[in-house]
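Step one of this worksheet: look at the structure below.
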Amino acid sequence: MTLDQLESFVCIATGAGFKAASRKLHRSQPAISRRIGQLEQALDAKLFERVGRTARLTDAGRALLPHAEAALASRRDGERAVRALAGETPAALSLKLALVGTLADSQTVAALRGLRERFAGASVELRTATSREVSDLVRRGDAHLGVRYFADVDPRLGWIPLGAEEVRVVVPTAHRIRAKRVSDLRAFDGDTWLGFPADRRQPEASLERRLLAAGAANPRITPVDSLTAQKRLVEAGLGIALLPRSSFREELRLGRLRTIAVEHMNADQPVFAVRRRGGHHGPLESALLEILLRGFPG
């Protein structure tokens, strides 16, 4: 079993197929297939089932995946640790940051600006993703630090609470409720709520649980796995949503959406930084985390 074989395996498993792995790793598809064949031979187990043009993990493949990811992440950690001992100059330092797109707001921009001022010439690579994808990127070592909503139960990750972001009930401009504030969520009985599908890894983040905790009775929920789609559907009058304030500022400015405050509703979304347990934590990562902890709202 080699790291090249594991790299090909993880790339296929997380990137939806052999063709995508071939492009990402700059290897021919026969070369990728040969690596997987050698890995399967070494393990005496089939790792993928071919279904049309896609490759699905077998039970053996699912069992191998977290260990393969950990091995590759450890290799990257080792490379970074050795380079750090060599006394890298600021210009040679790099940071890969993954965060939820709605958190790329003025606070994060100010933190990144402060980091660049402290480490002139350092490289910062920014990637936006969903909360779950942020965790996946950090766990695989494809990001050194992540910023996302809610915590995760994955024991391979360490969590640092940064603060919380205010959430609001967002409605179309022509919504039947014209008041700017209501006493409780029962005012929205009969409305359809739009929200992300429930994630078993973070049940506390499910829209249903949060609405019930805030006093809603049997809320009707339609799963929509895109924040942009949720906002467009609300604009079209096809539902209402509970969204973090940073995600709909432009729509409010343009008059496409309205918000309605709910008295005594505490549904703020906690924001966490995430990094690999036992991983190498470089100076850029530590400095950015310090800045975020000092200045994050809530």
Side-chain angles (χ1 to χ4, degrees), residues 1-16 18 20-28 31-32 34-36 38-39 42-43 47 61 63-99 108 111-112 114-129 132-148 152 154-160 272-293:
M1 187 187 304
T2 68
L3 287 173
D4 285 343
Q5 292 167 359
L6 292 177
E7 183 180 46
S8 297
F9 166 73
V10 169
C11 201
I12 294 167
T14 59
F18 283 74
S22 174
R23 288 196 302 266
K24 182 175 181 180
L25 298 177
H26 307 291
R27 295 288 186 272
S28 67
I32 296 296
R34 186 162 54 251
R35 286 180 179 178
I36 298 303
Q38 292 168 344
L39 182 59
L43 295 170
L47 301 174
L64 175 63
L65 182 58
H67 303 288
E69 290 177 331
L72 295 175
S74 293
R75 180 184 67 176
R76 297 186 184 104
D77 282 337
E79 293 170 348
R80 295 180 70 209
V82 171
R83 287 199 298 268
L85 280 177
E88 290 179 315
T89 63
L93 295 173
S94 65
L95 171 69
K96 294 182 179 180
L97 173 67
L99 77 165
T108 305
L112 290 172
L115 186 71
R116 286 190 178 279
E117 290 173 355
R118 189 186 301 187
F119 297 91
S123 169
V124 178
E125 180 182 323
L126 181 63
R127 181 169 178 177
T128 59
R132 182 168 187 170
E133 290 167 347
V134 166
S135 292
D136 291 341
L137 289 166
V138 173
R139 190 183 64 249
R140 295 199 301 265
D142 291 331
H144 305 141
L145 183 69
V147 181
R148 55 161 286 173
D152 198 322
D154 193 329
R156 292 164 291 181
L157 301 175
W159 301 91
I160 303 97
F272 287 82
V274 53
R275 55 186 181 180
R276 278 199 337 112
R277 290 189 185 275
H280 174 77
H281 306 309
L284 288 181
E285 174 190 336
S286 299
L288 180 59
L289 184 56
E290 174 193 332
I291 296 170
L292 289 171
L293 282 168

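The analysis underlying the following values was restricted to heavy atoms, covering all of them including side chains, and did not include hydrogens, waters or symmetry mates. Only a predicted model underlies this, so the values are computations on that prediction, with no experimental measurement involved.
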*Heavy-atom side-chain proximity of Val124 to Leu288 below 4.5 angstrom*: no

*Please report the closest heavy-atom contact between Leu284 and Ser123, naming both atoms and the distance.*
CD1-O, 4.0 Å

*Value rounded to 0.5 Å, distance of NE2 in His281 from NE2 in His144*: 11.0 Å

*asked:* So which atom in Asp77 and which in Gly279 form the shortest heavy-atom distance, rounded to 0.1 Å?
replied: OD2-CA, 3.2 Å

*State, yes or no, whether a side-chain contact exists between Leu99 and Leu126 at a heavy-atom distance under 4.5 Å.*
yes

*Decide yes or no on side-chain contact (heavy atoms from CB on, under 4.5 Å) for Leu72 and Glu7, but give the supporting numbers first.*
CA-CA 7 Å; Leu72 295 175; Glu7 183 180 46; 4.2 Å; yes

*Between atom OG of Ser135 and atom CZ of Arg140, what is the distance when rounded to the nearest 0.5 Å?*
11.0 Å

*Considering only heavy atoms from C-beta outward, does the side chain of Val138 approach that of Arg148 to under 4.5 Å?*
no

_Going by the rule side chain to side chain contact (heavy atoms under 4.5 Å, CB included), which residues pair with Leu293 if we only count those two or more places apart in sequence or in a different chain?_
Ile160, Leu162, Leu289

*With a 4.5 Å limit on heavy-atom distance, are the side chains of Leu39 and Leu64 in contact?*
yes

*Does any non-hydrogen side-chain atom of Glu69 lie less than 4.5 Å from one of Leu65?*
yes

*asked:* To the nearest 0.5 Å, what is the distance between CG on Leu97 and CZ on Arg127?
replied: 12.0 Å

*For atom CZ of Arg156, decide whether the heavy atoms of other residues, nucleotides or ligands shown that lie under 6.0 angstrom number more than 12.*
yes

_Contacts of type side-chain hydrogen bond (donor to acceptor under 3.5 Å, both in side chains), residue Arg75, not counting sequence neighbours_ = none

_Looking at Ser22 and Phe18, would you say the former's side chain and the latter's main chain have a donor-acceptor pair under 3.5 Å?_
no

*Could you pull out the closest heavy-atom pair between Ala98 and Val134, with the gap in Å?*
O-CG1, 3.8 Å

*asked:* With heavy-atom distances below 4.5 Å as the criterion, would you say the side chains of Phe119 and Leu95 are in contact?
replied: no

_Nearest heavy-atom neighbours spanning Arg139 and Ala73_ = O-CB, 3.8 Å

*Does a side-chain heavy-atom distance below 4.5 Å link Ile291 with Arg118?*
yes

*asked:* What's the separation between atom CG in Leu25 and atom CZ in Arg35, rounded to the nearest 0.5 Å?
replied: 6.5 Å

_Separation of Phe9 CZ from Thr2 OG1 (nearest 0.5 Å)_ = 13.0 Å

*Taking C-beta and beyond as the side chain, do Arg277 and Leu157 meet within less than 4.5 Å on heavy atoms?*
no

*Name all residues meeting the side chain to side chain contact (heavy atoms under 4.5 Å, CB included) criterion together with Ala21; count only those two or more places apart in sequence or in a different chain, and write none if there are none.*
Cys11, Ile12, Ile32

_Which atom of Leu115 lies closest to which atom of Ala287, heavy atoms considered_ = CD1-CB, 3.7 Å

_Return the CG to CG distance between Asp142 and Asp136, rounded to the nearest 0.5 Å._
9.5 Å

